[in-house]
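What follows is one structure encoded as structure tokens, with my remarks underneath.
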Amino acid sequence: MVLNSPRGTSDFYGKELEYRNFIIEKSKRLFERFSYQQIVTPAFEHTEVFSRSIGEATDIVQKEMYSFRDKKQRSLTLRPEGTAGVVRAVVENKMYADLPLKLFYEGNMFRYERPQKGRMREFFQIGAEAIGSDDPLMDTEMIWLINDLFSELGFKDLVLLINSMGCEECRKDYMEEFKAYLVQRLEKLCPECKKRYDQNPLRIFDCKNQACRVEAEASPKISEHLCKQCYQHFEKITQNLNLLAISFEVDHSLVRGFDYYTRTVFEVISRQLESAQNALGGGGRYDKLVGQFGGPDIPAIGFAIGTDRTSLLMQQLGIKPLRPKRARSVYLVSMDQKFSSFLVKLLKFFRKEFKCDTNFNKKNLSTEIKWAEKNDYDFVAIIGEEEFKNLMVTIKDIRKFKQHTFSWENEKDKILALLRGN
RNA sequence: GUGAGAAUAGCUCAGCUGGUAGAGCACAGGAUUGUGGUUCCUGGGGCCGCGGGUUCGAAUCCCGUUUCUCACCCCA
């Protein structure tokens, strides 16, 4: 094999695709009910769209972006996440005439990482953004959406984590206190976290290193140092969630990997997923991002879920996608190529109303019937020597083990009645 | 970017300390010259991931490489 798909990518077809499409369909219907509209943005953007919004110091920007130069030497990047592109589009198209603007998107995302189960270089996300409101009800709605999305897919034991990272003001005060606390304990932290101390101290909360964890646990939490407004904002959200009977855990060490988050952050994780990648989705508020992109200084919040991990967990837990009710189906078997003129007419007739395929290659009737049964067809229609000569067609009901031969000229109505099940 | 394991038929895998490539399932043909689960018989299929090395001889040992898997890192 000379050519294979690039590292960290894969082809989606059959069962895999059925799961993904099921997740997409379910979310679209949910977004519709919450009054969100779809937006499609480019799969690549100018590199600065991501580097400036996600943050120069983040891992994603530092080492995970698929960046390239086009023929005019512009630096472009395949999107590593959806929010930056959506915000860029909102600002560029001045879509903020009527706020809040509620949008959803779906699409493939790209991050240059070492692939493993549940983490591919190309992966698929579904997300939503609500731009132009800082009402805690909007935060509630976002969390409500992500929660309902998973429960409608059939999940029961997922964990919803929420936290507040504070606004610019309370974060500034807090950072001073946090760094003052940590500066005496720098020795105990891992080399990586020592770097973080300078560049992005909050990420220390994310470190899996035991020693760092201990320090992080003991250190002051931002959620305990919120300003009055932020505190009340967060309080309101938890009250709302309780009213909605959505269960959650407040996780004081939940901080997320993008710099643009302010105030509310949340994440849905599974404690059952058989891999290290347990985050199925997450999001948060980004009140400064629209302004950063040159738009008005308006608040916003959003989330995204990964369909691949979601599908993985569904399969692991035995949650099946419900198939939409399909049309009745006929497998049309012609015993000889010379019947093709008749075959074409019948195909046209059946395909007006039913799922219908024919045997292009095979010719043994018994294997054709077996094949039709295995592939879940309702009927087999047979054209053989006799039928062709007399312009007849034999139709077999696979489940009832019954068959009948009809005249093509005079009994079309009977054929239809049989196939429709009347 | 760091560390570990794997790659053999369409799929799941066996193949011993080097000696001509195997099974099950699937597919195809037949027993049944045009009729369905089961059974039986028969058959097609493989650059043993790719490249190099050691050897009289490599699927097997060594090196490189690509991809996959797992754990870090990080995230969806």
Side-chain angles (χ1 to χ4, degrees), chain A residues 1-10 14 23 54 58-65 79-83 106-127 146 150 190-193 195-196 200 203 205-210 212 254-258 267-270 273-283 303-313 331 333-336 339 359 361-375 377 379-388 394-403 405:
Chain A
M1 175 62 99
V2 182
L3 292 176
N4 47 16
S5 78
R7 185 167 166 80
T9 67
S10 74
I23 296 165
I54 297 170
T58 58
D59 278 349
I60 290 182
V61 171
Q62 293 268 304
K63 48 186 199 191
E64 295 176 5
M65 295 214 297
R79 57 184 174 197
E81 57 102 35
T83 302
E106 62 180 51
N108 38 1
M109 308 293 161
F110 308 84
R111 289 182 204 171
Y112 192 93
E113 296 177 280
R114 195 83 159 243
Q116 57 184 272
K117 192 176 210 131
R119 194 180 61 197
M120 300 290 276
R121 289 184 172 183
E122 181 187 25
F123 57 100
F124 204 90
Q125 284 191 334
I126 298 172
I146 199 171
F150 286 114
C190 69
E192 193 62 26
C193 281
K195 240 187 281 170
R196 287 174 172 146
N200 200 350
R203 312 270 338 126
F205 283 108
D206 249 2
C207 191
K208 304 286 193 301
N209 186 301
Q210 194 54 40
C212 302
L254 176 66
V255 292
R256 293 178 51 78
F258 305 142
E267 204 165 275
V268 173
I269 64 168
S270 163
L273 197 54
E274 285 165 0
S275 77
Q277 280 65 48
N278 65 354
L280 294 175
F303 76 87
I305 70 150
T307 61
D308 307 292
R309 282 182 195 175
T310 304
S311 148
L312 216 58
L313 185 60
Y331 187 61
V333 180
S334 167
M335 299 309 295
D336 195 298
F339 309 150
N359 60 326
N361 299 326
K362 305 164 199 153
K363 54 186 191 299
N364 179 287
L365 183 57
S366 104
T367 54
E368 295 294 359
I369 292 172
K370 278 184 217 166
W371 188 89
E373 187 180 27
K374 203 181 87 182
N375 287 277
Y377 276 86
F379 299 93
V380 176
I382 302 160
I383 314 171
E385 200 70 49
E386 286 300 306
E387 287 90 347
F388 180 66
T394 298
I395 295 180
K396 174 189 285 290
D397 184 320
I398 293 181
R399 295 203 181 76
K400 292 182 182 160
F401 276 74
K402 266 191 200 161
Q403 70 179 56
T405 301

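Throughout, a chain's letter reflects where its sequence line sits, starting with A, and its residues are numbered from 1.
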Discussion item. Need the pair for B:G1. Rule: Watson-Crick or G-U wobble, both distances under 3.5 Å, any strand; none if unpaired.
Written reply: B:C72

Discussion item. So A:I146 and A:I305, do their side chains get closer than 4.5 Å, heavy atoms only?
Written reply: yes

Discussion item. Considering every strand and a 4.0 Å limit on heavy-atom distances, what is the contact class for A:Y377: base, sugar-phosphate, or nothing?
Written reply: nothing

Item to complete: With heavy atoms under 4.0 Å as the rule, sort A:G82 into base, sugar-phosphate or nothing.
Response: nothing

Worksheet, complete the sentence: Scanning all shown strands, the Watson-Crick or wobble mate of B:A9 with both distances under 3.5 Å is none

Worksheet item: With sugar-phosphate meaning primed atoms plus P, OP1 and OP2, does A:I398 contact a base, only sugar-phosphate, or nothing at under 4.0 Å between heavy atoms?
Response: base

Practice prompt. Could you let me know what B:A14 is paired to, Watson-Crick or G-U wobble, both distances under 3.5 Å, or none if it's on its own?
Written response: none

Practice prompt. Considering only atom C1', compute the distance from B:U12 to B:G18 and round it to an integer number of Å.
Written response: 27 Å

Worksheet item: Whom does B:A21 pair with, Watson-Crick or G-U wobble, provided both distances fall under 3.5 Å?
Response: none

Practice prompt. Remember a base hit wins even if backbone is also touched, and classify A:D336 as base, sugar-phosphate or nothing at under 4.0 Å, heavy atoms.
Written response: nothing

Worksheet entry | Contact check, side chains of A:D308 and A:R119, non-hydrogen atoms, under 4.5 Å | no

Worksheet entry | Separation between the C1' atoms of B:U8 and B:C13, rounded to whole Å | 9 Å

Discussion item. Could you check whether any side-chain heavy atom of A:I126 comes within less than 4.5 Å of a side-chain heavy atom of A:T310, counting everything from C-beta outward?
Written reply: no

Practice prompt. Measure the distance from CZ on A:F388 to P on B:G34 and round it to the nearest whole Å.
Written response: 17 Å

Worksheet item: So do the side chains of A:E385 and A:D336 get within less than 4.5 Å of each other, counting heavy atoms only?
Response: no

Worksheet item: Is the number of heavy atoms from other residues, nucleotides or ligands under 6.0 Å of A:Y112 OH greater than 12?
Response: no

Item to complete: Report yes if a side-chain nitrogen or oxygen of A:Q116 is closer than 4.0 Å to either non-bridging phosphate oxygen (OP1 or OP2) of B:C68; otherwise report no.
Response: no

Fill in: Candidate nucleotides B:A76, B:G37, B:C73, ranked by approach to the side chain of A:R309 - the nearest
B:A76

Discussion item. Can you measure A:E122 atom CD to B:C68 atom P for me and round it to whole angstrom units?
Written reply: 13 Å

Worksheet item: Base, sugar-phosphate alone, or nothing: which one does A:E387 contact when heavy atoms must sit under 4.0 Å apart?
Response: base

Discussion item. What's the gap between B:G46 and B:A9 when it is taken at their C1' atoms, as a whole Å value?
Written reply: 6 Å

Worksheet item: Side chain of A:R119, base of B:A76: donor and acceptor closer than 3.5 Å?
Response: no

Worksheet item: Hey, does the side chain of A:T307 reach the backbone of A:F124 with a donor-acceptor pair shorter than 3.5 angstrom?
Response: yes

Worksheet item: To the nearest angstrom, how far is A:E113 atom CD from B:A71 atom C1'?
Response: 15 Å

Worksheet item: Are A:R114 and A:R7 close enough that some pair of their side-chain heavy atoms sits under 4.5 Å apart?
Response: yes

Response to the item:
Rounded to whole Å, CE of A:M120 lies from P of B:C68 at a distance of 6 Å

Practice prompt. Would you mind pulling out the nucleotide paired to B:G34, Watson-Crick or G-U wobble, both distances under 3.5 Å?
Written response: none

Practice prompt. Take atom C1' in B:C50 and the same atom in B:A58, then report the distance between them in whole Å.
Written response: 16 Å

Worksheet item: Would you find a donor on one side and an acceptor on the other, under 3.5 Å apart, between the side chain of A:R121 and the backbone of A:E113?
Response: yes

Discussion item. Would the base of B:G36 count as contacting A:Q403 through its side chain, where contact means a donor and an acceptor less than 3.5 Å apart?
Written reply: no

Item to complete: Would you classify A:K374 as touching base, sugar-phosphate or nothing, given that sugar-phosphate means primed atoms plus P, OP1 and OP2, and contacts are heavy atoms under 4.0 Å?
Response: sugar-phosphate

Worksheet entry | Atom C1', compared across B:U66 and B:G57: separation rounded to whole Å | 28 Å

Worksheet item: When we call it a touch if two heavy atoms are under 4.0 Å apart, what does A:R256 touch: a base, just sugar-phosphate, or nothing?
Response: sugar-phosphate

Practice prompt. Consider the side chain of A:I382, meaning its heavy atoms from C-beta on, and name the nucleotide among B:C73, B:A76, B:G34 that approaches it most closely.
Written response: B:G34

Worksheet item: Is a donor-acceptor contact shorter than 3.5 angstrom present between the side chain of A:K396 and the base of B:G36?
Response: yes

Practice prompt. Can you tell me, in whole Å, how much space there is between the P of B:C61 and that of B:G19?
Written response: 11 Å

Fill in: Check: A:R309 side chain, A:K117 main-chain N or O, donor-acceptor pair, under 3.5 Å
no

Worksheet item: Considering only the C1' atoms, how many Å lie between B:U33 and B:C27, rounded to the nearest integer?
Response: 23 Å

Item to complete: For B:C63 versus B:U55, give the span between their C1' atoms, rounded off to a whole number of Å.
Response: 16 Å

Worksheet, complete the sentence: From CD of A:E267 across to P of B:A76 the rounded distance in Å is 7 Å

Worksheet item: Heavy atoms under 4.0 Å, any strand shown: does A:F124 hit a base, just sugar-phosphate, or nothing?
Response: nothing

Worksheet item: How close or far is atom C1' of B:G34 from atom CD of A:E385, stated in whole angstroms?
Response: 11 Å

Item to complete: Under 4.0 Å between any heavy atoms, over every strand shown, what does A:L280 touch: base, sugar-phosphate, or nothing? Just pick one.
Response: sugar-phosphate

Item to complete: Send over the distance from A:R114 CZ to B:A4 C1', rounded to a whole Å.
Response: 10 Å

Item to complete: Report the residue (A:T9 or A:E64) whose heavy-atom-nearest nucleotide on RNA chain B is the more 5′ of the two.
Response: A:T9

Worksheet, complete the sentence: Paired to B:G44 by Watson-Crick or G-U wobble criteria (both distances under 3.5 Å) is none

Worksheet item: Counting side-chain heavy atoms from CB outward, which of B:G36, B:C73, B:A76 is closest to A:D59?
Response: B:C73

Fill in: Counterpart base for B:C50, defined by Watson-Crick or G-U wobble contacts under 3.5 Å
B:G64

Discussion item. Taking any heavy-atom pair under 4.0 Å as a contact, classify A:G384: base, sugar-phosphate, or nothing.
Written reply: base

Worksheet item: Within this structure, what is the CZ-to-C1' distance between A:R7 and B:A7, rounded to whole angstrom?
Response: 14 Å

